[in-house]
Visitor: 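Structure incoming, see below.
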Amino acid sequence: MKKEEIKKLLDQFEAVANIVGGIECWSVRELQPLLGYAKWDNFINNLKKKVLKKSNPES
């Protein structure tokens, strides 16, 4: 990945960051399009699969 692309992506992520109680965080709904998902269902289903796989590494 080129430095310009990385800078652009970083700027996009920083633009949607929120500060809650002094902690930087992101809304999943705002990250969805940045990660290339057009549909919420596809995004959340893929996210759930990743969480389950991380929770159960043997499977």
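Count residues from 1 along the sequence. These numbers were taken from a predicted model, which means no experiment stands behind them.
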Visitor: Does E24 have any side chain to side chain contact (heavy atoms under 4.5 Å, CB included) partners at least two apart in sequence or in another chain, and if so, which?
Guide: E14, A17, I19, W26
Visitor: Return the minimal non-hydrogen interatomic distance between S27 and N18, and the atom names on each side.
Guide: N-ND2, 4.2 Å
Visitor: For the atom pair CG (N46) and CD (Q32), what is the distance rounded to the nearest 0.5 Å?
Guide: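 Going from CG on N46 over to CD on Q32, the span is 11.5 Å.
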Visitor: Among residues at least two apart in sequence or on other chains, which ones pass side chain to side chain contact (heavy atoms under 4.5 Å, CB included) with V28?
Guide: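 If we apply the side chain to side chain contact (heavy atoms under 4.5 Å, CB included) test to V28, skipping adjacent residues, the hits are W40, F43, L47.
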Visitor: Taking only residues two or more places apart in sequence or in another chain, which ones pass side chain to side chain donor-acceptor pair (under 3.5 Å) with N42?
Guide: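 With neighbours one apart ignored, the set is empty.
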Visitor: Got a list of side-chain donor-acceptor pairs under 3.5 Å for residues 1-10, not counting sequence neighbours?
Guide:
from	atom 1	to	atom 2	distance (Å)
E5	OE1	K2	N	3.1
K7	NZ	D11	OD1	2.8
K7	NZ	D11	OD2	3.3

Visitor: Under the salt bridge (Lys or Arg N to Asp or Glu O under 4.0 Å) definition, can you give me all pairs with a residue in residues 25-51, not counting sequence neighbours?
Guide: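 Output for this query is empty, none listed.
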